[in-house]
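By convention in this document, chain letters (A, B, ...) are assigned in the order of the sequence lines, proteins followed by strands, and residues within each chain are numbered from 1.
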There are 2 protein chains.
Amino acid sequence: MLTIGQLAAFAGVTARAVRHYHQIGLLPEPARDASGYRRYGAKAAVSLIKIRTLANAGVPLSEIGQMLEADGSTFDEAIQRIDSHLRDEIERLESSRKQITQLTAGESLALPPEVTSYLDRLREIGVSERMVEAERDGWILVVARWPERIHQIMPAKFAHLDDPRLVRLYRLGSELLDSDAGDDDPRLEEAADILAGLAEQAYTPGETNPDEDAQHELPFGLLDALAVESDPRAQRLLDLMRERGWASWTRTRPQRLTEPAD
Amino acid sequence: MLTIGQLAAFAGVTARAVRHYHQIGLLPEPARDASGYRRYGAKAAVSLIKIRTLANAGVPLSEIGQMLEADGSTFDEAIQRIDSHLRDEIERLESSRKQITQLTAGESLALPPEVTSYLDRLREIGVSERMVEAERDGWILVVARWPERIHQIMPAKFAHLDDPRLVRLYRLGSELLDSDAGDDDPRLEEAADILAGLAEQAYTPGETNPDEDAQHELPFGLLDALAVESDPRAQRLLDLMRERGWASWTRTRPQRLTEPAD
DNA sequence: ATGGGGGGTTGACGCAGCGTCAAGGTCAAG
DNA sequence: CTTGACCTTGACGCTGCGTCAACCCCCCAT
């Protein structure tokens, strides 16, 4: 007769595991000897090995009991279920691995390569590191809401960098972020003028903008909030844009709040 | 300002998950509004998305905090650790899948194919189902203790089936298991005679048996116990073997207990 | 006889990452 | 005013054991 430790060693598990199987009713409690020790026979060893075989194959303990009692077809069904579950798990982990190898740099965190290229391009243009980080956080929000559309958006963004006004705008932002200029800095006005001009151009009045619905889904509110949270002076910029008839400095649609409603 | 539900929805998680991140200090608790609701800004959304990006990549929550603060090389090291851990997990599951697909029939449970073939062969010879099951459980114990050696053992076992004495022995076992014969059934004596003869042949006296140490490691005690547990009449067989000078009906070494010690 | 070391016993908490009640308070709409 | 959808804290549940704690038991050496 074996003690719990001997039984466990024979099956290659710990005594704690055996006691656990008793607790959940997977392995019947054996009789005790005079001093209260559990004493196991050979059949218990066989049962324990069967249990471990299934458990090692990835069968949850809660199902092993039924499987050991099941007949051939029921058993095979269960095997199928377990196997497809394992397949799913493996797929999940595989995709995790793919994802994680993308995360070599802290920057690519949560961003597709197009966007990180764009950010690198900004650096080449002379945009400061703080400005790039602010831009990056904004893109994280956009990507989170619109993961697929990002492929359509980025080429336009790259092309837009050919516009000297936009470059000037980024440089203004860089300067302002790195300075301790106040709300009254004239560069804020200049930035607002550029933004208004770009917005005017992007918004072709009279025509139905096909992306209008889509744009409506973009998290403009969050982007504005992000800017203000990153630098309170962004609030001034927002006010200036509102003066110029634009609802937000990231949204390219005119507001009508100051005009009478239809 | 977002409520917890809105924030969670934006990042594609549940509110409970966000609260969990607060609890473990991964995401800072935001300020509350007048009615005690948590109110989140855009930066929280960015943080949450970063957290989920790493979590989706398989990074344990407990490490995400440090990773978000880490610099490039520290970050990359962590990535390497996580990746190799993922690889291990995947391998584990892959091997589980391999194992589980082997378990198509209830019989192959915990047994390599050589052994199941042997059991099938026994059925062909006319061994009863109960006898095969008893034999199977015995092999489960042997395989558990000696998983690699089984490849060496089985060919000899197959060859041994050419010996008509062994076949007769299995048939006797089948008959006895299916009958309600008592301890005094003469077939028990016949079985003991065959066993003794086979043992005599297997044990070549005077020569040093190279497998002696190895055999010593086989779980003979358990095998004997298993037989007796399966059918109490096996005890009688053991006694008969002892009378004939053998320690156990599964062990092929003579006992010297009845002779004076050296 | 005594002491020590290596077994055994039950009971309990801990782990990861939340899901899911319970028992309320709040908010916007009809 | 009610309803339904949200928020709050607190707590247990899940998986498969690991790991104390506090105590008992057996065998061996002194």
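In this structure, B/His22 atom NE2 and D/dC7 atom P are separated by 12 Å, rounded to whole Å. Rounded to an integer number of Å, the gap from B/His20 NE2 to C/dG19 P is 10 Å. One can place CE of B/Met1 at 16 Å from P of C/dC27, the figure rounded to the nearest angstrom. One atom, CG of B/Asp33, and another, P of C/dT26, lie 11 Å apart when rounded to the nearest Å.
In terms of the side-chain contact (heavy atoms from CB on, under 4.5 Å) criterion, residue partners of B/Thr3 (sequence neighbours excluded) are, by chain and number, B/Gln6, B/Arg39. Residues satisfying the salt bridge (Lys or Arg N to Asp or Glu O under 4.0 Å) criterion with A/Arg244, sequence neighbours excluded, are A/Glu189, A/Asp193.
Considering only side-chain N and O atoms, B/Arg38 lies under 4.0 angstrom from the phosphate OP1 or OP2 of D/dT9. Between A/Thr3 and C/dG8 there is a side-chain polar atom (N or O) within less than 4.0 angstrom of OP1 or OP2. Taking 4.0 angstrom as the limit, A/Thr14 places none of its side-chain polar atoms (N or O) nearer than this to OP1 or OP2 of D/dC17. The phosphate of C/dC18 (OP1 or OP2) has no side-chain N or O of B/Arg19 nearer than 4.0 angstrom. Dashed line: the shortest gap from a side-chain N or O of A/Tyr21 to OP1 or OP2 of D/dC17 is under 4.0 Å.
Among the atoms of the strands shown, only primed sugar atoms or phosphate atoms (P, OP1, OP2) are found under 4.0 Å from some heavy atom of B/Ile4. Looking at heavy-atom distances under 4.0 Å, B/Arg32 makes contact with sugar-phosphate atoms alone, never a base.
For the residue pair B/Thr74 / B/Asp71, a side-chain donor-acceptor distance below 3.5 Å is found, with atom types taken as modelled.
Nearest-nucleotide assignment on DNA chain D puts the 5′-proximal partner with A/Arg52, out of A/Arg52 and A/Tyr37.
Of the candidate nucleotides D/dC25, D/dG16, C/dC13, D/dG16 has the atom nearest to the side chain of A/Leu61.
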